[in-house]
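Just so it is clear, the model here is predicted, and its values are computed rather than measured.
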Amino acid sequence: MDVTQNLRKEIKSLRTLALFMSLNAARQHHDLLAQKLQDEVINNRHLMQMEDIQDYLTCGLGKWYEGYGKQVLGNEAEFVALAEPHRQFHQRARELLAAHQAGDQESTNKLLRQVLDIRDNIFQHMDALSAIIQKTY
């Protein structure tokens, strides 16, 4: 192999690594938010504020989705399918916090289950994207 081919191979490896790392960071952000919400509800805390739940476009995943993710994976069906559950996650998270703050236990329990289910759905899409990255990039 000549130097140019080696460099191309290394650049490809670095791009793949960057894609994995950025996707993983976005995943961790949503997992942490879900954990905080769950802790808030289960331990009956009132520490979180509505501004602790970012908009779906400005959170880590939203920035990744609209930026680097779209640039590299924007044509993938799994990438497109991630948008709606991500939007729903943030919407339900806000509804959950509002219900908890209002003392509506029935709605809080229902919404917590929905938030966790949506999080799991998002993670399934992210796992599928990881597989695509491994196979394609």
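Through direct or indirect side-chain contacts shorter than 4.5 Å among Ile, Leu, Val, Met, Phe, Trp and Tyr, Ile11 is connected to no other residue.
Looking at heavy atoms from C-beta onward, Phe89 lies in side-chain contact with Leu33 at the 4.5 angstrom threshold. With a 4.5 Å cut-off on side-chain heavy atoms, Gln91 and Arg94 do not count as touching. Using a 4.5 Å heavy-atom threshold, the side chains of Asn44 and His100 count as touching. A 4.5 Å side-chain heavy-atom check between Pro85 and Gln124 finds every atom pair outside the cut-off. Between Lys36 and Asp52, the closest side-chain pair of non-hydrogen atoms is not below 4.5 Å.
Residues Met50 and Val115 share a hydrophobic cluster, clusters being chains of Ile/Leu/Val/Met/Phe/Trp/Tyr side chains in contact below 4.5 Å. Hydrophobic clustering (side-chain heavy atoms under 4.5 Å, transitive across Ile, Leu, Val, Met, Phe, Trp, Tyr) groups Phe20 together with Tyr65.
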Item to check | Step-by-step side-chain contact (heavy atoms from CB on, under 4.5 Å) determination, Gln114 to Lys110 | outcome: CA-CA 6 Å; Gln114 288 178 5; Lys110 177 183 169 189; 3.4 Å; yes

Checklist entry - side-chain contact (heavy atoms from CB on, under 4.5 Å) between Met48 and Ile53: does it pass, once the steps are laid out? => result CA-CA 9 Å; Met48 289 186 73; Ile53 303 171; 4.3 Å; yes

Next on the checklist: Test side-chain contact (heavy atoms from CB on, under 4.5 Å) on His86 and Cys59; report intermediate values, then the result.
Outcome noted: CA-CA 10 Å; His86 181 229; Cys59 73; 3.2 Å; yes

Item to check | From CA spacing to verdict: side-chain hydrogen bond (donor to acceptor under 3.5 Å, both in side chains), Gln105, Asn109 | outcome: CA-CA 6 Å; Gln105 194 61 42; Asn109 291 335; 3.0 Å; yes

Checklist entry - Passes side-chain contact (heavy atoms from CB on, under 4.5 Å), His30 versus His90? Steps please. => result CA-CA 9 Å; His30 282 75; His90 284 268; 3.0 Å; yes

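Judged purely by atom type and a 3.5 angstrom limit, Thr58 uses its side chain to pair as donor or acceptor with the backbone of Asp55. Between the side chain of Ser22 and the backbone N or O of Leu19, at least one donor-acceptor pair lies under 3.5 Å.
Taking Arg45 as the reference, Asp39 meet the salt bridge (Lys or Arg N to Asp or Glu O under 4.0 Å) condition, with sequence neighbours excluded.
Of all heavy-atom pairs between Gln38 and Leu112, the closest is CA-CD1, 4.0 Å. Shortest non-hydrogen contact noted between Ala99 and Thr108 is C-OG1, 3.3 Å.
Residue Met21 places its CE atom among 12 or fewer non-hydrogen atoms of other residues, nucleotides or ligands, all under 6.0 Å distant.
The distance from atom CD of Gln35 to atom CD1 of Ile42, rounded to the nearest 0.5 Å, is 11.0 Å. We find the CG-CZ distance between Leu97 and Arg92 to be 15.0 Å, quoted to the nearest 0.5 Å. Remark: Ile132 CD1 to Met126 CE distance equals 13.0 Å, nearest 0.5 Å. Remark: Arg119 CZ to Leu37 CG distance equals 10.5 Å, nearest 0.5 Å. Note that CD1 of Ile122 and CG of Asp127 are 12.0 Å apart. Values are rounded to the nearest 0.5 Å. Taking CG of Leu61 as the start and CD of Gln28 as the end, the distance is 12.5 Å to the nearest 0.5 Å.
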Check: residues 67-79 side-chain donor-acceptor pairs under 3.5 Å, at least two apart:
{"unit_1": "Lys70", "atom_1": "NZ", "unit_2": "Glu66", "atom_2": "OE1", "d": "3.0"}
{"unit_1": "Glu78", "atom_1": "OE1", "unit_2": "His125", "atom_2": "ND1", "d": "2.6"}

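Taking the ring axis of Phe123 as reference, the NZ or CZ atom of Arg27 stays within 45° of it and closer than 6.0 Å to the ring centre.
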